[in-house]
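Residue numbers start from 1 in every chain, and the chains themselves are labelled A, B, ... in the order their sequence lines are given, proteins ahead of strands.
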There are 2 protein chains.
Amino acid sequence: MPKNREQDVCEVKSVDKAKVMAVKKSMPSDRDMHNLSEIFSVLADPARTKIIYALSKEELCVCDIANILGNSISAVSHQLRILRNMRLVKFRKEAKRVYYSLDDRHINRLFNEGLKHVRE
Amino acid sequence: MPKNREQDVCEVKSVDKAKVMAVKKSMPSDRDMHNLSEIFSVLADPARTKIIYALSKEELCVCDIANILGNSISAVSHQLRILRNMRLVKFRKEAKRVYYSLDDRHINRLFNEGLKHVRE
DNA sequence: TGATTATTTGAACAATTGTTCAAATATAAT
DNA sequence: ATTATATTTGAACAATTGTTCAAATAATCA
């Protein structure tokens with residue numbers, strides 16, 4: 001997203017080297033951190049959190065999801081593509097319709113943990 | 001972020017009204033959903049997840065946080081402002097330095113739940 | 001076959017994001 | 001007072017996001 005001209009990034013002097021070393025050492029890998037924020041990104045949009053909530057309750061076709069959210073079908077379909085790419089949802093076709101459902105064990109726990117946070 | 005010209009949004013016909021009604025009824029409020037995705041947004045950036053992880057281990061000054069992340073001090077300070085505004089971190093001044101620490105019980109559980117997800 | 005319905009897709013666009021750079025504060029040391 | 005150090009702040013900017021619109025598929029029906 002930014003420019004990252006890789007300049008004066010970290011000629012930054014450490015104040016407490018021991019602490020810094022310890023934290024650096026225990027820090028999860030960049031790869032893990034990247035994946036972690038990626039999964040949180042999915043939940044960082046109200047339309048997507050609503051879709052995930054809805055699908056945690058019922059298997060639904062695109063049309064009914066759009067109806068529940070109050071969004072256009074196209075917008076919902078775009079969001080579903082993101083969820084599909086992240087393998088959070090699966091789908092099956094029935095006649096003209098496509099039915100989506102959750103395809104991830106953990107995502108619901110994440111959702112509920114977040115809701116707890118919101119509600120204090 | 002978008003335009004939302006509020007057009008043909010939901011002349012969308014419902015296929016299974018019973019399901020749609022049931023899900024709509026149990027759906028958390030728009031306010032809750034907004035707050036929920038807002039808290040997930042905070043974790044949707046690797047720099048911020050790293051800061052949160054670091055502060056879960058140690059109280060740290062801005063300089064040392066920058067050192068741990070390998071980011072500029074300015075970038076870190078901007079991110080800390082976001083975390084401050086969300087009341088996820090608190091700080092105290094000591095001489096010229098400002099020490100930050102976590103100020104939220106739940107955020108760590110959210111982080112760990114997410115990490116579990118990432119690591120399958 | 002052609003018409004209808006459900007969904008997907010891609011381009012366009014405004015809004016938002018996260019970083020950099022430079023300048024402003026704040027605090028301590030000389 | 002002046003200097004040095006630590007942090008914050010605001011403007012600028014490129015990248016990304018999420019929606020709309022129009023057109024493309026897919027599947028069923030007359």
Can you tell me which nucleotide in D:dT19, D:dT7, C:dT7 comes closest to the side chain of B:I73?
D:dT7

C:dT19, C:dT20, D:dG18: which one has an atom nearest the side-chain heavy atoms of B:S72?
C:dT20

Protein-nucleotide distance ([X], atom [atom1]; [N], atom [atom2]), rounded to Å:
X: A:N71; N: D:dT20; atom1: CG; atom2: P; answer: 7 Å
X: A:D64; N: C:dT5; atom1: CG; atom2: P; answer: 17 Å
X: B:L69; N: D:dT7; atom1: CG; atom2: P; answer: 13 Å
X: B:L60; N: D:dT7; atom1: CG; atom2: P; answer: 11 Å
X: B:Y99; N: D:dA6; atom1: OH; atom2: P; answer: 10 Å
X: A:L43; N: D:dG18; atom1: CG; atom2: C1'; answer: 16 Å
X: A:F40; N: C:dG18; atom1: CZ; atom2: C1'; answer: 19 Å
X: B:D16; N: C:dA6; atom1: CG; atom2: P; answer: 14 Å

Taking only side-chain N and O atoms of B:R48, does any of them lie within less than 4.0 angstrom of OP1 or OP2 on C:dG18?
yes

side-chain N/O A:Y100 vs C:dA6 OP1/OP2, d < 4.0 Å:
no

For a salt bridge (charged side-chain N to carboxylate O under 4.0 Å, His left out) check, start with the C-alpha distance between A:D30 and B:K50, then their side-chain angles and the critical distance, and finish with the verdict.
CA-CA 9 Å; A:D30 264 26; B:K50 286 179 191 172; 3.2 Å; yes

Is any N or O donor-acceptor pair between the side chain of B:S74 and the base of C:dC21 shorter than 3.5 Å?
yes

Give the intermediate values and the outcome of side chain to side chain contact (heavy atoms under 4.5 Å, CB included) for residues A:D104 and A:R87.
CA-CA 7 Å; A:D104 186 289; A:R87 312 207 179 268; over 6 Å; no

Which value, rounded to the nearest 0.5 Å, describes the distance between A:Q79 atom CD and A:D45 atom CG?
5.0 Å

Which distance, rounded to the nearest 0.5 Å, do you find between the CG of B:L43 and the CG of B:L110?
5.5 Å

Main chain of B:S41, side chain of B:R48: is a donor-acceptor contact present, judged purely on distance under 3.5 Å?
yes

Should the pair A:F40 and B:F40 be assigned to parallel (<30°), tilted (30 to 60°) or perpendicular (>60°) ring geometry?
parallel

Below 4.0 angstrom, which residues in residues 77-98 of chain B have at least one non-hydrogen atom near DNA chain D?
B:S77, B:H78, B:R81, B:R84, B:K96, B:R97, B:V98

With side chain to side chain contact (heavy atoms under 4.5 Å, CB included) as the criterion, how do A:V118 and B:E38 come out once you've worked through the C-alpha distance, each side chain's angles and the decisive distance to 0.1 Å?
CA-CA 9 Å; A:V118 159; B:E38 192 176 41; over 6 Å; no

Might you confirm whether atom CZ of B:R105 has over 12 heavy atoms from other residues, nucleotides or ligands at distances under 6.0 Å?
no

Dot-bracket for DNA chain C, please, read 5' to 3', with Watson-Crick or G-U wobble pairs under 3.5 Å on both distances, ( ) within the strand, [ ] crossing, | other strand, . unpaired.
||||||||||||||||||||||||||||||

Using a distance-only test with no angle check, is there a side-chain donor-acceptor pair under 3.5 angstrom linking B:R109 and B:H106?
no

